[in-house]
Amino acid sequence: MADTTTAATDQAVPATDARTETDDTPPHRYNAALAQDIELKWQRYWDEHAMFETPNPSGPLADPERMADRGEKLFVLDMFPYPSGSGLHVGHPLGYIGTDIYSRFQRMRGRNVLYSMGFDAFGLPAEQYAVQTGQHPAITTAENVANMRRQLHRLGLSHDRRRSIETTDPDYYRWTQWIFRTIFDAWYDTEADKARPISELIQQFAKGKRATPDGRPWADLTAAEQGDVLAGYRLAYVSDAPVNWCPGLGTVVANEEVTADGRSDRGNFPVFKRNMRQWMMRITAYADRLLDDLDALDWTDAIKTMQRNWIGRSEGATVHFPSAAGPITVFTTRPDTLFGATFMVLAPEHPLVDELTTPDQAEAVAAYRKAAAAKKEMDRTDDTREKTGVPIGGTATNPVTGEDIPVWIADYVLMGYGTGAIMAVPCGDQRDFEFARKYDLAIPAIQQPPEAWFAAHGIEPTSGADTSSWPEAYIGDAPYINSSNTALLNGDLDLNGISDVAEGVTAINEWLEANELGEATVTYKLRDWLFSRQRYWGEPFPIVYDDDGVPHALPDDLLPVELPETDSFSPRTFDPDDAGSNPESPLDRLGDWVTVELDLGDGKKAYRRDTNVMPQWAGSCWYELRYLDPTNDKRFVDPEVEEYWMGPRTDVRPDHPGGVDLYVGGVEHAVLHLLYARFWHKVLYDLGHVSSWEPYVRLFNQGYILADAYKDEREIYVDAFAVEERDGGFYFEGEPVTREWGKMGKSLKNAVSPDDMYAQYGADTLRLYEMSMGPLDQSRPWETRDVVGMYRFLQRFWRNAVDEDTGELTVVDNEPDNETARLLHRTIDAVTTECEELRFNTAIAKLIELNNHVTKLDAAPRSVIQAMTLMVAPFAPHIGEELWSRLGHEDSLTYVPFPTADPALLVDDQVELAVQVNGKVRGRVTVAADADDATITALALAEENVARTLDGKAPKKVIVIPGRMVNIVA
RNA sequence: GCCCGGGUGGCGGAAUGGCAGACGCGGCGGAUUCAAAAUCCGCUGUCCGAAAGGGCGUGUGGGUUCGACUCCCACCCCGGGCACCA
């Protein structure tokens, strides 16, 4: 899911950096070599003691004893990675370090934490990498996964490794196929507003409770006809519809995978709209719920807005304009402006254009349509271009005025949105206004804009229909004028006097419905999800076709449908611009596999397998559910286990939807993974398979790690580590290069491997550095030279407890002095809050401050070092465990309670207050914490520098902010 | 064009109405060393000043307030998302 670039190298762990080791280095100094010893030792210990195994309430992973020890559940999840050939760079684990710290912290706070990691291993990059290397994707994927597992383990992440999954594992994708079949065997009941099993629909047809499309009894329909009818209802269905064909990739792709300029998200190849027979998922049935339920989620507004925009709900009306060729139907969000509709505009591709074109316009129309078709291939980014169009000669009738209005075609009307036709209201829509001005069409006013609007445009107010002085269309609430058909048609519609758009819309919608000229309608930008791909490295469909071409889902005992072994896994790709090419699925070539003889209940028959595979996103639509119950071979997840980990927490808030308690990942999945996974989860919820109605209740988007990248004069990236900076310029092999920011990655030749950081400083230092760079949700530039700061912190911390020459513990059993005790407890208080809020950068700063204070003491009190060790442990768990063990504890600190602050030590008896004169600090006074205002005022006025500044002037006013400051107004 | 973020020392950042620059890097000075690295200690926004102290300072201009990085209004710049969506 989280993509990484592909290229080979399975790095061996480099030897530790010799830089810091010389003969006179104290033998027990915390350096890279010691860090490595400590880290490997504790990683082994954690593994051997199954330290991070989390008990389930029931089933194979149940452990009543452990369960009894643990408190309230907490499910922490990362967006699982895509196993690339180049392994991890230091940018990848940013979020993982954050979730690990949070998980470790919460374990110490008593929570039963579920934390694991899997691999999203199907998909294009693995297949492309395999094609490049000639090795089967299963082999390269397994190698890549193994390398990434090693790198993540070396970082000290506290995963429950029993729960790890790979989406390419047949034991996993068996359930991906099972869920597909479940979706295939379901339909959306708009009455109940939820998905139901398809068998219940068939029963309705069979019993005559629901009429077939042509009214014949269900039993009279052939099997193929029944199949077609059901396809119109199923949540997964095959349809012949316009899809995105990408010859360069050799496959079709989903709308979500096409960029704004009409190219493939992956590979950046041109994408063409073509009618093809493909699998679709009826995500549109869930459009309203996907939209409305965002309110129940603790996600950033940015991501919610992106999902709302993608779903693109707009409310309005469909209106039918009678014409010689039959009614022209339009969708409008402003039916209230219908009286101002003075012309219509159709998309050039609109099917009624031919019939409505008059002979005298035929030539112009043909020319315009040809030009429009050509334009499609050009960059559509030119959004400033002037609107063009031609009249086609025919007319349509405005249903509220009865007037005949001209029909035009123009390429600013899109066939793919709404009905491909609009009514043009030039006085109330800016595009229509510009179009009307350009082609000299009537622009009668139907609303009276307020005075302020005219004033703002510097024109004299007009009244009545005259808009000749208007510089632009008027949009918004205003009293309607010229909006009645009582005189025109002897009708009964009169909006005049209404001054509110909502009210106007309601009135006109009622009239349209009563007169059968239109109805209130909601449209969406969201389209059904194109679900099939003509590739090899993906989940096969659990579907076979009979002789009539009717799809049949395979029963449980035939799952999984394993991906067949083959050497010819390369997809057939084409010239990227060859729009006329046709997809060929690699599985099509495997004749033996494609045809099967099966008994699906009515005797042995020959069937043909579906040769598509599922898209990259299928496996990530439900993986969090499999973490819960990874070994279950009866169900994809046991309901009791799901309810424990993900059930709605109505005790937290009444609208709590359930789901993962904390989900951390990048923003790039805003409308892909996050939308698809929500959709699948809701289907599973409707059918009673899960108790939560949203998969991820809280989403946190971490930033990216950026790094300098350098391009030479040919615009080619050069090795960033060989670039020299001198005289304010940058040089590579003596040639000048230019610097730019980018995400870290192989393609920009600026990737830093965590393996190098482990060798130079150790995993604990790397973890601290990544967290200390700034807030987790912010992107930040990587600076290898800055890493040493956190290394020094750990070194000083170590030295506060351990003698560098002898290795002996140096802590003393004395109680800390008052100042130290207070600082310790303030630190505990702050670190606790900051960890709860994922503000790890400031938590680390507070720990460093405390450590710097302890450094200045003659000897460190045991109680202080002990508390510090527990607080440092979530961030730097290896050194934490090591010191904890040296402090005399036999067991791991993993489940030792996090220190708690003594409230008595958080309040000081003496406080220092800043004294301001006219808002500028002029001095400070120390007073008792409970001193009254008069005492404070007297002390403040007496302060030497304050008195000098006042220079004998009497203060006009003194403001005392208890515990903080004094401001003297002079 | 619309919608989100964001603009603070040489750099990453802290402070969300109350002492601007916590913490870290870098830099400067010192200790240690034959020397260096590593480590340790001190200083480090800027200008004036020997110092005490003072002026200026959070993108720009205004406003609210005893007090503004923080709140309000207008604008500029950077990053991201959406975009003939009817």
Side-chain angles (χ1 to χ4, degrees), chain A residues 19-22 24-26 29 31 260 300-306 308-310 312-314 316 330-334 337 345 380-385 387 410-414 416-425 428-432 434-435 523-525 667-668 670-671 741 768-769 772-775 777-790 792-793 795-796 799 804 839 841-849 851-852 855-856 912-924 944-945 948-949 955-961 963-970:
Chain A
R19 197 182 60 170
T20 58
E21 288 165 64
T22 57
D24 51 355
T25 300
R29 170 163 291 176
N31 59 17
T300 62
D301 287 336
I303 298 272
K304 287 189 185 184
T305 304
M306 282 189 230
R308 288 195 184 104
N309 286 344
W310 189 260
R313 180 188 157 103
S314 43
V330 304
F331 173 74
T332 174
T333 55
R334 293 290 306 275
T337 63
V345 187
R380 277 193 31 198
T381 48
D382 182 15
D383 54 348
T384 53
R385 73 172 203 262
K387 287 159 189 45
D411 62 8
Y412 77 88
V413 177
L414 309 174
Y417 186 78
T419 62
I422 62 162
M423 64 180 208
V425 183
D429 180 284
Q430 187 57 24
R431 283 161 305 167
D432 297 343
E434 286 167 20
F435 196 82
T523 63
Y524 302 89
K525 214 180 84 177
V667 293
E668 68 271 23
V671 290
W741 281 120
L768 276 171
Y769 171 62
S772 70
M773 292 163 84
D777 55 0
Q778 205 171 298
S779 290
R780 66 297 286 284
W782 176 269
E783 287 288 355
T784 297
R785 73 173 184 189
D786 288 359
V787 179
V788 72
M790 293 302 120
R792 288 178 190 147
F793 163 50
Q795 212 164 51
R796 280 199 291 270
R799 194 160 41 229
E804 289 191 333
R839 292 197 303 252
N841 54 327
T842 47
I844 291 168
K846 302 268 160 54
L847 287 168
I848 292 173
E849 266 180 279
N851 191 53
N852 289 347
T855 304
K856 293 184 176 73
E912 191 187 60
L913 303 182
V915 182
Q916 295 182 340
V917 178
N918 292 333
K920 287 195 198 298
V921 179
R922 298 298 176 179
R924 284 152 217 289
E944 198 188 346
N945 202 46
R948 187 175 357 160
T949 309
K956 285 185 193 135
K957 193 172 173 187
V958 179
I959 292 137
V960 177
I961 311 295
R964 290 192 186 269
M965 62 178 311
V966 181
N967 191 14
I968 298 164
V969 188

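On a predicted model such as this, the values are computed, not experimentally measured, just so you know. In what follows, chains carry the letters A, B, and so on, assigned in the order in which the sequence lines appear, proteins first and then strands, with residues in each chain numbered from 1.
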K.L.:
Looking only at the side chain of A/M773 (C-beta and beyond, no hydrogens), which of the listed nucleotides B/A22, B/G12, B/G54 gets closest?
P.N.:
B/G12

K.L.:
Take atom P in B/G45 and the same atom in B/C28, then report the distance between them in whole Å.
P.N.:
16 Å

K.L.:
Atom CD1 of A/I422 and atom C1' of B/C85: how far apart are they, to the nearest Å?
P.N.:
11 Å

K.L.:
Report yes or no: is there a donor-acceptor pair, N or O only, under 3.5 Å between the side chain of A/N309 and the base of B/C82?
P.N.:
no

K.L.:
With RNA chain B as reference, determine whether A/T419 or A/V921 sits nearer its 5' end, using the nearest nucleotide of each.
P.N.:
A/V921

K.L.:
Do A/K920 and A/T949 come close enough that some side-chain heavy atom pair is under 4.5 Å?
P.N.:
no

K.L.:
If you assign A/D301 and A/Q916 each to the RNA chain B nucleotide with the nearest heavy atom, which residue ends up on the more 5' nucleotide?
P.N.:
A/D301

K.L.:
Give the minimum heavy-atom separation between A/R780 and A/G774, together with the two atoms involved.
P.N.:
NH2-O, 3.4 Å

K.L.:
Which whole number of Å gives the distance between the C1' atom of B/A22 and that of B/G9?
P.N.:
14 Å

K.L.:
Checking base pairs now: Watson-Crick or wobble, both atom distances under 3.5 Å. What partners B/G42?
P.N.:
B/C28

K.L.:
NA contact type, A/V425, heavy-atom cut-off 4.0 Å: base, sugar-phosphate, or nothing?
P.N.:
nothing

K.L.:
Over all heavy atoms of both residues, which pair between A/G919 and A/N967 is shortest? Give the atoms and the distance, please.
P.N.:
N-OD1, 3.1 Å

K.L.:
Quick one, A/M790 and A/I848 - any side-chain contact, counting heavy atoms below 4.5 Å?
P.N.:
yes

K.L.:
Can you tell me the distance, in whole Å, between the CE atom of A/M965 and the C1' atom of B/A68?
P.N.:
12 Å

K.L.:
So what does A/E804 hit on the nucleic acid, given a heavy-atom distance under 4.0 Å: a base, only sugar-phosphate, or nothing?
P.N.:
nothing

K.L.:
Below 3.5 Å, does any donor atom in the side chain of A/R964 face an acceptor in the base of B/C19, or the other way round?
P.N.:
no

K.L.:
Compare all side-chain heavy atoms of A/N918 with those of A/V969 and state whether any distance is below 4.5 angstrom.
P.N.:
yes

K.L.:
Within a strict 4.5 Å, meaning less than it, do heavy atoms of the A/F331 and A/S314 side chains meet?
P.N.:
yes

K.L.:
Could you state the interatomic distance from CG (A/L768) to CG (A/N841), rounded to the nearest 0.5 Å?
P.N.:
12.0 Å

K.L.:
Taking NZ from A/K387 and P from B/C84, how many angstroms apart are they, rounded to a whole number?
P.N.:
10 Å

K.L.:
So what does A/N967 hit on the nucleic acid, given a heavy-atom distance under 4.0 Å: a base, only sugar-phosphate, or nothing?
P.N.:
base

K.L.:
Would you measure the distance from the P atom in B/G57 across to the matching atom in B/A52 and give it in whole Å?
P.N.:
23 Å

K.L.:
Got A/D429 and A/F435 here, is their nearest side-chain heavy-atom distance under 4.5 Å?
P.N.:
no

K.L.:
May I ask you to check whether over 12 heavy atoms, not counting those of A/R308, lie within 6.0 Å of atom CZ?
P.N.:
yes

K.L.:
Work out how far the C1' atom of B/A20 is from that of B/A68, and round it to whole angstrom.
P.N.:
11 Å

K.L.:
To the closest 0.5 Å, what do you measure between OG1 (A/T523) and OH (A/Y417)?
P.N.:
3.5 Å

K.L.:
Contact between A/I844 and A/Y769 at the side-chain level, heavy atoms closer than 4.5 Å - yes or no?
P.N.:
no

K.L.:
Any protein N or O atoms within reach of nucleotides 24-31 of chain B? Criterion: under 3.5 Å, listing atom names and distances.
P.N.:
{"residue": "B/G24", "atom": "OP1", "partner": "A/N852", "partner atom": "ND2", "Å": "3.3"}
{"residue": "B/C25", "atom": "OP1", "partner": "A/R792", "partner atom": "NH1", "Å": "2.6"}
{"residue": "B/C25", "atom": "O2'", "partner": "A/D786", "partner atom": "OD1", "Å": "2.3"}
{"residue": "B/G26", "atom": "OP2", "partner": "A/R792", "partner atom": "NH1", "Å": "3.4"}

K.L.:
Would you mind classifying the nucleic acid contact of A/R799 as base, sugar-phosphate or nothing, using non-hydrogen atoms under 4.0 angstrom?
P.N.:
sugar-phosphate

K.L.:
Quick one: look up who B/A37 pairs with, Watson-Crick or G-U, both distances under 3.5 Å, and put none if it's unpaired.
P.N.:
none

K.L.:
Please check the phosphate of B/A52 (OP1 and OP2 only) for any side-chain N or O of A/R948 closer than 4.0 Å.
P.N.:
no

K.L.:
Please tell me if the side chains of A/R799 and A/T855 come closer than 4.5 Å, counting only heavy atoms from C-beta onward.
P.N.:
no

K.L.:
Under 4.5 Å between any side-chain heavy atoms of A/M423 and A/T337, yes or no?
P.N.:
yes

K.L.:
Tell me which nucleotide, if any, is Watson-Crick or G-U wobble paired with B/G1 when both distances must be under 3.5 Å.
P.N.:
B/C82

K.L.:
Starting from P on B/A83, measure out to CG on A/L414 and report it in whole angstrom.
P.N.:
11 Å

K.L.:
Taking atom C1' of B/G10 as reference, at what distance in whole Å does atom CD of A/E783 sit?
P.N.:
12 Å

K.L.:
Once you apply a heavy-atom cut-off of 4.0 Å, does A/R922 come out as touching a base, just sugar-phosphate, or nothing?
P.N.:
sugar-phosphate

K.L.:
If the C1' atom of B/U58 is compared with that of B/A15, how far apart are they to the nearest Å?
P.N.:
11 Å

K.L.:
In whole Å, what separates the P atom of B/G59 from that of B/G12?
P.N.:
14 Å

K.L.:
OP1, OP2 of B/C19 versus side-chain N and O of A/K920: anything below 4.0 Å?
P.N.:
no

K.L.:
Find the distance A/Q795:CD to B/C41:P and express it as a whole number of Å.
P.N.:
11 Å

K.L.:
Please determine, for B/G57, whether a Watson-Crick or G-U wobble partner exists with both distances under 3.5 Å, and give it or none.
P.N.:
none

K.L.:
Does a distance-only test, which skips hydrogens and angles, find a donor-acceptor pair under 3.5 Å between the side chain of A/K525 and the base of B/C85?
P.N.:
no

K.L.:
Set out, line by line, the N/O atom pairs under 3.5 Å between protein and nucleotides 77-80 of chain B.
P.N.:
none

K.L.:
Output the rounded distance in Å from NZ (A/K846) to P (B/G13).
P.N.:
17 Å

K.L.:
Whole angstroms only, please: what is the OH-C1' distance between A/Y417 and B/C82?
P.N.:
13 Å

K.L.:
What integer number of Å spans the C1' atoms of B/A83 and B/C47?
P.N.:
49 Å

K.L.:
Distance check, C1' atoms only: B/U64 and B/C72, in whole angstrom units.
P.N.:
7 Å

K.L.:
Considering every strand and a 4.0 Å limit on heavy-atom distances, what is the contact class for A/N945: base, sugar-phosphate, or nothing?
P.N.:
sugar-phosphate

K.L.:
Reckon A/T300 touches a base, only the sugar-phosphate, or nothing at all at heavy-atom distances under 4.0 Å?
P.N.:
nothing

K.L.:
Enter syn or anti for the glycosidic conformation of B/G9, syn applying to angles within 90° of 0.
P.N.:
syn

